[in-house]
Visitor: 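A single structure is presented below for examination.
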Amino acid sequence: MAITEIIFWFLSALAVISAIMVVLSKSPVHSVLWLIAVFFAISGHYVLLNAQFIAIVNIIVYAGAIMVLFLFVLMLMNLNKETEPQKNLWMKLTGVVSGGCLLIILISLVRQATEIKGKIAVTKTGDIGLIKVLGKELFSSYVVPFEISSVLFLSAMIGAVVIGKKD
Amino acid sequence: MIELLFHITAFKSLPLGEVGGALTHIIILSTALFFIGMYGLFTRRNMITMLMSIELMLNSVNINFVAFNKYLYPDKMDGIFFSIFIIAIAAAEAAVAIAIIINLYRTHKSIDVDDVTDLKQ
């Protein structure tokens with residue numbers, strides 16, 4: 001078993017277990033902390049897939065910015081185990097049945113697909129994850145979506161301020 | 001931090017072995033993450049944890065994009081850019097959603113989705 005395979009299985013187990021803990025833990029603060037663990041595991045997967053830039057961006061943006069925002073909001077609202085809404089048992093059952101059925105269908109589909117069978121990533125080659133290559137591509141063929149996303153950020157910022165301010 | 005970023009992104013290749021996981025394994029991983037997030041979206045009644053479940057689903061989709069890009073089209077970069085834009089849009093979405101949640105908490109003193117029934121009347 002190669003070392004990348006061991007890392008792959010370890011990161012997969014970490015991601016799945018932490019994701020299960022995100023949805024199962026009673027306290028919202030614990031959910032946020034487990035979600036950060038999921039993001040780190042996913043970043044490890046990106047590094048294995050030669051996408052180093054996305055791995056770093058994932059850690060900085062998700063674990064660094066969004067999760068800190070979540071934690072601050074949770075602290076502002078003083079949420080804890082006692083204020084957590086009680087779940088309906090039927091709702092849980094519905095979640096398990098619908099999610100589980102779709103999961104089984106998709107996994108059986110993936111296992112049957114012939115185009116992707118036996119595809120193995122070569123981790124040593126490829127430089128698509130490097131900043132230089134990504135930047136050149138981003139400012140040539142992806143420049144329009146890039147500029148549009150800047151407008152999107154501006155509108156989201158203004159919207160967040162307008163919605164969130166006291167009237 | 002910046003030096004670490006340059007250090008990691010300057011690697012032409014990682015000093016690792018030849019083979020990672022197969023494509024099937026990584027798709028099954030991202031499917032499992034997606035449906036764990038979906039279960040959380042169905043069962044949690046707290047709006048912030050519902051939002052966290054949505055982030056989990058978005059991340060599983062990101063893994064799919066990067067994996068398909070790497071395994072099937074290693075000479076193109078569309079999957080990487082799609083996941084970068086997904087990360088950007090997820091950040092904007094989280095900011096707006098948290099502003100809405102804070103506003104709801106101010107008016108209703110709760111962030112239980114079942115308490116927000118103003119449109120019913």
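Letters go in sequence order (proteins before strands), and every chain restarts at 1. No hydrogens, no waters, no symmetry mates; every other heavy atom, side chains included, goes into these values.
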Visitor: I need the Thr43(B) OG1 to Leu93(A) CG distance, nearest 0.5 Å.
Guide: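 Here the rounded value is 11.5 Å.
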
Visitor: Heavy-atom cut-off 4.5 Å, strictly under: side chain, backbone, both or neither for Ser31(A) against chain B?
Guide: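 Interface part for Ser31(A): both.
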
Visitor: For residues Ala19(A) and Leu56(B), report the shortest heavy-atom separation together with the two atoms involved.
Guide: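 Shortest heavy-atom separation between Ala19(A) and Leu56(B) comes out as CB-CD2, 4.0 Å.
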
Visitor: Which heavy atom of Val23(A) sits nearest a heavy atom of Gly40(B), and at what distance?
Guide: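 Between these two residues, the closest heavy atoms are CG1-CA, 3.5 Å.
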
Visitor: Please state whether the side chain, the backbone, both or neither of Lys132(A) comes within less than 4.5 Å of a heavy atom of chain B.
Guide: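 For Lys132(A), neither part sits under 4.5 Å from chain B.
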
Visitor: Please identify, among Leu152(A), Val96(A), Val22(A), the residue contributing the most non-hydrogen atom pairs under 4.5 Å to chain B.
Guide: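 Option with the greatest count: Val96(A).
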
Visitor: Give me the atom names and distance for the closest heavy-atom approach of Gly95(A) to Tyr39(B).
Guide: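 Smallest heavy-atom distance, with atoms named: C-CD1, 3.6 Å.
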
Visitor: Just how far is it from atom CD1 of Ile20(A) to atom CD1 of Ile36(B), taken to the nearest 0.5 Å?
Guide: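 Reported value, rounded in 0.5 Å steps: 4.5 Å.
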
Visitor: Nearest 0.5 Å please: distance from the CG atom of Leu71(A) over to the CD1 atom of Ile48(B).
Guide: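 Reported to 0.5 Å precision, the distance equals 10.0 Å.
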
Visitor: Quick one: what part of Ile98(B) sits under 4.5 Å from any heavy atom of chain A, side chain, backbone, both or neither?
Guide: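 For Ile98(B), the contact with chain A is made by the side chain alone.
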
Visitor: Sort Ile101(B) into side chain, backbone, both or neither according to what part of it lies under 4.5 angstrom from a heavy atom of chain A.
Guide: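 Both backbone and side chain.
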
Visitor: Which distance, rounded to the nearest 0.5 Å, do you find between the CG of Leu102(A) and the CZ of Phe35(B)?
Guide: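 Rounded to the nearest 0.5 Å, the CG-CZ separation comes to 4.5 Å.
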
Visitor: What heavy-atom pair brings Leu69(A) and Ala95(B) nearest, and what distance separates the two atoms?
Guide: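 Minimum heavy-atom separation between Leu69(A) and Ala95(B): CD2-CA, 4.4 Å.
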
Visitor: Please classify the contact between Met52(B) and chain A as side chain, backbone, both or neither, with a heavy-atom cut-off of under 4.5 Å.
Guide: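 For Met52(B), heavy atoms of backbone and side chain both lie under 4.5 Å from chain A.
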
Visitor: Go through Thr94(A) and Phe42(B) one step at a time and tell me if the side chain to side chain contact (heavy atoms under 4.5 Å, CB included) criterion holds.
Guide: CA-CA 8 Å; Thr94(A) 319; Phe42(B) 281 156; 5.8 Å; no

Visitor: Any chain of hydrophobic side-chain contacts (each under 4.5 Å) joining Val68(A) to Ile54(B)?
Guide: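 Result: no, two separate clusters.
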
Visitor: Out of curiosity, Ile66(A) CD1 to Glu55(B) CD, how far, rounded to the nearest 0.5 Å?
Guide: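 So the CD1 of Ile66(A) and the CD of Glu55(B) are separated by 5.0 Å.
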
Visitor: With side chain to side chain contact (heavy atoms under 4.5 Å, CB included) as the criterion, how do Leu51(B) and Phe70(A) come out once you've worked through the C-alpha distance, each side chain's angles and the decisive distance to 0.1 Å?
Guide: CA-CA 9 Å; Leu51(B) 198 58; Phe70(A) 276 70; 3.6 Å; yes

Visitor: State yes or no: do Ile104(A) and Leu33(B) share one hydrophobic cluster built from I, L, V, M, F, W and Y residues joined by side-chain heavy-atom distances below 4.5 Å, directly or via other members?
Guide: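 Hydrophobic grouping puts Ile104(A) apart from Leu33(B).
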
Visitor: Given Leu49(A) and Asn69(B), is the side chain to side chain contact (heavy atoms under 4.5 Å, CB included) satisfied, shown in steps?
Guide: CA-CA 9 Å; Leu49(A) 287 168; Asn69(B) 190 357; over 6 Å; no

Visitor: Please classify the contact between Asp78(B) and chain A as side chain, backbone, both or neither, with a heavy-atom cut-off of under 4.5 Å.
Guide: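 Both the backbone and the side chain of Asp78(B) come within 4.5 Å of chain A.
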
Visitor: For the interface with chain A, which of Ile102(B), Val96(B), Ile63(B) has the highest count of heavy-atom pairs at distances below 4.5 Å?
Guide: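 Of the candidates given, the most pairs with chain A belong to Ile63(B).
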
Visitor: Show the nearest heavy-atom pair for residues Lys26(A) and Arg44(B), with the distance to one decimal.
Guide: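 So the two residues come closest at O-NH2, 3.8 Å.
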
Visitor: Please flag which part of Lys76(B) lies under 4.5 Å from any non-hydrogen atom of chain A: side chain, backbone, both or neither.
Guide: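 For Lys76(B), the backbone is the part near chain A, not the side chain.
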
Visitor: Under 4.5 Å heavy-atom distance to chain A, tell me which part of Leu58(B) shows up: side chain, backbone, both or neither.
Guide: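 Just the side chain, heavy atoms under 4.5 Å.
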
Visitor: Do you know which of Gly100(A), Ala51(A), Ala65(A), Pro145(A) has the most heavy-atom pairs with chain B at a distance under 4.5 angstrom?
Guide: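 The candidate making the most pairs under 4.5 Å is Pro145(A).
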
Visitor: Between Ile80(B) and Leu134(A), is any pair of side-chain heavy atoms under 4.5 Å apart?
Guide: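 Result yes, sub-4.5 Å side-chain heavy-atom pair found.
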
Visitor: Does atom NZ of Lys109(B) have more than 12 heavy-atom neighbours from other groups under 6.0 Å away?
Guide: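 Counting neighbours around NZ of Lys109(B), more than 12 heavy atoms of other residues, nucleotides or ligands fall under 6.0 Å, so yes.
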
Visitor: Same cluster or not: are Phe72(A) and Tyr105(B) linked, directly or through other Ile, Leu, Val, Met, Phe, Trp or Tyr residues, by side-chain heavy atoms under 4.5 angstrom apart?
Guide: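 Different hydrophobic clusters.
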
Visitor: For Ile84(B) and Leu138(A), run side chain to side chain contact (heavy atoms under 4.5 Å, CB included): C-alpha distance rounded to whole Å, both residues' side-chain angles, the deciding distance at 0.1 Å, then the answer.
Guide: CA-CA 10 Å; Ile84(B) 287 176; Leu138(A) 185 63; 5.9 Å; no

Visitor: Rounded to the nearest 0.5 Å, what's the gap from CE on Met38(B) to OG on Ser98(A)? Could you check?
Guide: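 Rounded to the nearest 0.5 Å, the CE-OG separation comes out at 4.5 Å.
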
Visitor: With the 4.5 Å side-chain cut-off for hydrophobic clustering, are Met157(A) and Val162(A) part of the same group?
Guide: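 Cluster IDs for Met157(A) and Val162(A) match.
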
Visitor: Does CZ belonging to Phe81(B) count more than 12 external heavy atoms closer than 6.0 Å?
Guide: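 More than 12 heavy atoms, drawn from other residues, nucleotides or ligands, come within 6.0 Å of this atom.
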
Visitor: Find the one option among Val57(A), Val73(A), Leu76(A), Val161(A) whose heavy-atom pairs under 4.5 Å with chain B are most numerous.
Guide: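 Answer, by heavy-atom pair count under 4.5 Å with chain B: Val73(A).
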
Visitor: Same hydrophobic cluster for Phe53(A) and Phe40(A), using side-chain heavy-atom links shorter than 4.5 Å among ILVMFWY?
Guide: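 They do share one cluster, since a chain of ILVMFWY contacts under 4.5 Å joins Phe53(A) to Phe40(A).
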
Visitor: Measure Asn62(B) against the heavy atoms of chain A and call it side chain, backbone, both or neither at under 4.5 Å.
Guide: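 Contact with chain A: backbone and side chain both.
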
Visitor: Would you mind telling me which of Asn58(A), Leu103(A), Val38(A) has the largest number of heavy-atom pairs within less than 4.5 Å of chain B?
Guide: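 Most pairs with chain B among the choices: Leu103(A).
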
Visitor: Restricting to non-hydrogen atoms, name the atom on Ala91(B) and the atom on Val61(A) that form the minimum distance, rounded to 0.1 Å.
Guide: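 It is CB-CG1, 4.3 Å.
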
Visitor: Counting only non-hydrogen atoms closer than 4.5 Å, does Ile163(A) touch chain B with its backbone (N, CA, C, O), its side chain (CB onward), both, or neither?
Guide: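 Both parts, heavy atoms under 4.5 Å.
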
